[in-house]
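Please read the structure below before turning to the comments.
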Number of protein chains: 2
Amino acid sequence: MVSTEFLPGLASPVLGRSVPMDPDAAHGLALRLKALADPVRLKLLDHLLVCPSQEDCTCNLAPLVQLSEPTVSHHLKKLQRCGFLTKERRGMSVYYRVSPRAIDAVAGALRVG
Amino acid sequence: MVSTEFLPGLASPVLGRSVPMDPDAAHGLALRLKALADPVRLKLLDHLLVCPSQEDCTCNLAPLVQLSEPTVSHHLKKLQRCGFLTKERRGMSVYYRVSPRAIDAVAGALRVG
DNA sequence: CCACCTCTTTGACGATTGTCAAGGTGGTGC
DNA sequence: GCACCACCTTGACAATCGTCAAAGAGGTGG
């Protein structure tokens, strides 16, 4: 893990754009793709996107993916650091919510057809 | 690595589609994302997309990313196994070429906005 | 205050990954 | 045949990753 800070925004589309991709763009896109490249994290994102309230807390997410809470917390943090999730504390619970634009930015960077 | 065979095709869009994503879809998409989630492999794909002939061989790609030929061969194999690259032997050289549709399929699976 | 609940951090562990050196395969040309 | 070139495979290594148990941090309610 490079840093605990959020990653900088994804600088416009990058793959196959006539000008060779610069190393920082490759590194940044790779970090984001790595954050998405895990079945558990995909399942968590998918659940948060399809569930009625569009948000959920760790104690509900852990049984959903059948993993311990610390492990789920770790996955959520990874997604959050890339801007794919936001979190909000309300009372005792912490509610996570997807940031669709951050995910679409990655999808857009891959679009090449 | 699960298998030396090609992965099956990506079964239509998967993320945030009102029906919860099934485990196989999550696993399959994660494998493809993992194959893309490396700066070297992104650089290789980008080069093959922007270079005039749209194809190149290992001996040209290795110096491009400043890695040994075996290492580049390993990366190319990983991309090939997910259908992102095709290879074709002509004479002594092996020419690699991008399959844009395979990459777009992943981009489409991520599109969620 | 204390008991309790939710969540995160830390430390450890095995599994996976990216890399290279060494050796093997396949094709070219003398 | 042999020498050579491009490429791939194998085996090893350090680094990273996913996981959990244990302990800490933050908030609720008696």
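Order of the sequence lines fixes the chain letters, A, B, ..., with proteins taken first and strands second; residue numbering starts at 1 for each chain.
Look at CZ on A:Arg90: it is 13 Å from P on D:dT28, rounded to the nearest Å. Taking atom OH on B:Tyr95 and atom C1' on D:dA6, their separation rounds to 10 Å, with Å as the unit. The NE2 atom of A:His27 sits 13 Å away from the C1' atom of C:dG18 (whole-angstrom rounding). When the P atom of C:dG18 is taken as reference, atom NZ of A:Lys34 falls 7 Å away, rounded to whole Å. Distance CD (A:Gln80) to P (C:dC7): 13 Å, rounded to an integer number of Å. Rounded to whole angstrom, the span from the CG atom of A:Leu85 across to the P atom of C:dT8 amounts to 11 Å. B:Glu88 places its CD atom 18 Å from the P atom of D:dA6, with the value rounded to the nearest Å. Protein atom CG of A:Leu79 is 16 Å distant from nucleotide atom C1' of C:dT8, rounded to whole Å.
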Ignoring hydrogens and angles, write down the donor-acceptor pairs under 3.5 Å from the side chains of residues 90-107 of chain A, residues two or more places apart or on other chains.
unit_1	atom_1	unit_2	atom_2	d
A:Arg90	NH1	A:Glu88	OE1	3.1
A:Arg90	NH2	A:Glu55	OE2	2.5
A:Arg97	NH2	A:Glu55	OE1	2.9
A:Asp104	OD1	B:Val112	N	2.8
A:Asp104	OD1	B:Gly113	N	3.2
A:Asp104	OD2	B:Gly113	N	2.8

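The stretch residues 42-61 of chain A comes close to DNA chain C through A:Cys57, A:Thr58, A:Cys59, each having a heavy atom under 4.0 Å from the strand.
For the pair B:Leu79 and B:Ala35, the tightest heavy-atom approach, listed with the atom from each and the gap, is CD2-O, 3.7 Å. Between A:Cys82 and A:Leu31, the shortest heavy-atom distance links the atoms SG-O, 4.1 Å. Nearest heavy atoms, B:Asp46 versus A:Val19: OD2-O, 4.2 Å. Counting all heavy atoms, side chain and backbone alike, A:Ser68 lies closest to A:Thr71 at OG-OG1, 2.9 Å.
The backbone N or O of B:Leu15 sits less than 3.5 Å from a side-chain atom of B:Arg17, completing a donor-acceptor pair.
Using a 4.0 Å heavy-atom criterion, one finds that B:Tyr96 contacts the sugar-phosphate atoms exclusively. Residue A:Arg41 is classed as a sugar-phosphate contact, given heavy-atom separations below 4.0 Å to backbone atoms only.
Sorted pairs that involve residues 20-31 of chain B and meet salt bridge (charged side-chain N to carboxylate O under 4.0 Å, His left out), not counting sequence neighbours, are lacking altogether.
At a threshold of 4.5 Å between non-hydrogen side-chain atoms, the residues A:His47 and B:Met21 do not count as touching. Side chains of B:Leu61 and B:Leu67 form no contact here, defined as non-hydrogen atoms less than 4.5 Å apart. Residues B:Leu45 and B:Leu36 meet the side-chain proximity criterion, which asks for heavy atoms closer than 4.5 Å. Contact check for A:Leu33 versus B:Leu42: side-chain heavy atoms found under the 4.5 Å cut-off.
Between A:Leu76 and A:Met92, the residue anchored nearer the 5' end of DNA chain C, judged by the nucleotide with its closest heavy atom, is A:Met92.
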Any chance you could list the contact pattern along nucleotides 19-25 of chain D? Use B for base contacts, S for sugar-phosphate-only contacts and - for none, protein heavy atoms under 4.0 Å, 5' to 3'.
BBBB---
List, with names and distances, any nitrogen or oxygen atoms from the protein found under 3.5 Å away from nitrogen or oxygen atoms belonging to nucleotides 12-15 of chain C.
none

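Taking side-chain N and O atoms only, B:Lys77 has a distance below 4.0 Å to OP1 or OP2 of D:dT9.
For A:Asp38, the side-chain contact (heavy atoms from CB on, under 4.5 Å) partners are A:Val40, A:Arg41, A:His75, not counting sequence neighbours.
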